[in-house]
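Residue indices begin at 1 and follow the sequence shown. One-based numbering, in listed order, for ligands and for the atoms of each. Bear in mind that the values here come from a model prediction, so they are computed numbers and not experimental data.
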Amino acid sequence: MVSNQRPLEIALFGATGFTGGLVADYLARHAPADLRWTLAGRNLERLAAVRQRLAAIEPRWANLPLTVARADDPASLQALAASSKVLISTVGPFLQLGEALVAACAAAGTDYADITGEPEFVDAMYVKYHETALVNRARLVHCCGFDAIPSDLGALFTVRHCPPQARIALRAVVRLDQAAFSSGTMRSALGAAARPAAMWRAARRRHALERRLEPARQPVRVTLGWPRPDGAGGWLVPMPTIDPQIVARSARALGGYGSSLSYQHMLRLAHLWQVLGLPLAVTALLLAAQPGPLRRRLQARYPLGEGPSAKQRAQSSFAIEFTATCHGAEGKIERVCCRVSGGDPGYTETSMMLAESALCLARDALPQRFGQLTPAAALGDALLARLQRAGMGFAVVGSAS
Ligand SMILES: NC(=O)c1ccc[n+]([C@@H]2O[C@H](COP(=O)([O-])OP(=O)(O)OC[C@H]3O[C@@H](n4cnc5c(N)ncnc54)[C@H](OP(=O)(O)O)[C@@H]3O)[C@@H](O)[C@H]2O)c1
């Protein structure tokens, strides 16, 4: 109903950035002709340039409204949140730039989605705004990009093919082919790596509040796993992203992930030297992220608004292979294997996933759940259907008893 009361259905904050621009292009090509939406950002001229590009894709968007708003101007964000049913954001690093918008959406009862992969930000937003969003019936849905929709919906898709009362050990193996990163992603990774203690404190505060508000409905355990050969010439290493936390939260919120779930999230590397180099790369990132001349020099190497070219993105792809080992009654063991796959994970698919999440929030019949939610808990089947229609692969590739 909010959709009809507010002038706009979707506001895209960050439309002038690298990923935001791709989201705008996707909406220009795929949004329903009658969608009421706006491009929002801090610079009117740059917004007008984006609109001109969209009009070349689809002339009906030549008069799309433009809205000036700044991450450091809460009043502008409150006005934006009050004017739209759904607000989506690509303005990051989210730890630095994201909070005021989440606060505005929670207060205005506006559904919100972003593409953060920063665990400290997600935990801090839960502690500060989950209860306000519950009261005002706003859905706050973080991680609507490659972090963590393919894992989250892939896990949901896989457990649906498992025997309902089994104890499920689910392993996801991520394969990336020629993935490259934008400047914004590098700046966000540097910012998050600089704050391990703050990340840990935010997680503890979140757990304390969760224990009070949401007593776990289902036992869920995330296991880390050790580097090991994968039996096909490659290597598996633990993948330190936010995905396992999101999968575990979805299982707790939705239930029905077997009678109990353990989840492991691994990255497949082709060569032993990559396995040995990974801890060195992580250590180098941690050292480089500490405040000082090295961080300033590194950040200067990543100018705003740049990312992999269309040609690079066209050559990039991902697949996540899920293997569920299901322990049933009387010691019966069944194995279910599923695969989620798509093109360039970081930008082409991320922009599609955020845009489809926005359309889903704006137009689809969704479960009446509010507060901070995972993509699976907020959007579940409706988003799964949208992603499949958009060309992302979700398939059962094998099962055996
Ligand atoms: N999880 C995932 O799968 C995934 C994938 C891709 C990206 N990301 C994340 O998305 C974020 C954006 O990445 P990107 O490569 O698109 O970065 P980007 O090109 O630098 O874009 C950043 C955007 O933020 C805007 N901005 C910066 N400061 C602002 C302020 N004070 N007020 C309003 N707008 C402001 C910029 O506006 P101007 O154009 O005016 O400078 C720009 O539109 C990063 O945090 C990145 O980690 C996540």
Heteroatom proximity flag, [X] to ligand 1, N/O under 3.5 Å:
| X | answer |
| --- | --- |
| T16 | yes |
| D147 | yes |
| T19 | yes |
| D72 | no |
| R42 | yes |
| F146 | yes |
| L97 | no |
| V91 | no |
| A71 | yes |
| F13 | no |

Inset, instruction - Kindly assign one of parallel, tilted or perpendicular to the pair H142 and F121, based on the angle between their ring planes and the thresholds 30° and 60°. - result: perpendicular
Inset, instruction - Could you tell me how the ring of F157 sits relative to the ring of H161: parallel (under 30°), tilted (30 to 60°) or perpendicular (over 60°)? - result: tilted
Legend entry - Neighbour count above 12 (heavy atom, 6.0 Å) for R53 CZ: yes
Legend entry - R60 atom CZ, neighbour heavy-atom count above 12 within 6.0 Å: yes
Under a 3.5 Å threshold, yes or no: a donor from one side chain and an acceptor from the other, between [X] and [Y]?
| X | Y | result |
| --- | --- | --- |
| Y347 | T185 | yes |
| T19 | T90 | no |
| D147 | T241 | no |

Inset, instruction - Using atom types as modelled and distance alone, determine if a side-chain donor or acceptor of Q372 lies under 3.5 Å from a backbone N or O of V122. - result: yes
Please determine if [X] and [Y] form a salt bridge, counting it only when a charged side-chain N lies under 4.0 Å from a carboxylate O.
| X | Y | result |
| --- | --- | --- |
| D230 | R171 | no |
| D72 | R42 | no |
| E9 | R363 | yes |

For ligand 1, is [X] a contact, meaning one of its heavy atoms is under 4.0 Å away?
| X | value |
| --- | --- |
| G41 | no |
| G307 | no |
| G14 | yes |

[X] heavy atoms, cut-off 4.0 Å: which ligand 1 atoms fall inside?
| X | result |
| --- | --- |
| T350 | 3 (O), 5 (C) |
| G17 | 19 (O), 21 (O), 42 (C), 43 (O) |
| T185 | 6 (C), 7 (C), 46 (C), 47 (O) |
| G346 | 5 (C), 6 (C) |
| S182 | 14 (P), 15 (O) |
| G305 | 18 (P), 19 (O), 20 (O) |
| G184 | 13 (O), 14 (P), 15 (O), 17 (O), 44 (C), 46 (C), 47 (O) |

Inset, instruction - Please report the C-alpha distance between E210 and R252 in whole Å, then the side-chain angles of each, then the deciding distance to 0.1 Å, and finally whether the salt bridge (Lys or Arg N to Asp or Glu O under 4.0 Å) criterion is met. - result: CA-CA 11 Å; E210 264 177 344; R252 288 188 193 112; 5.3 Å; no
Legend entry - Axial cation check for Y126 ring with R206, 6.0 Å and 45° limits: yes
Inset, instruction - Pick whichever of I242, L354, I115 has a heavy atom sitting closest to atom 7 (C) of ligand 1. - result: I115
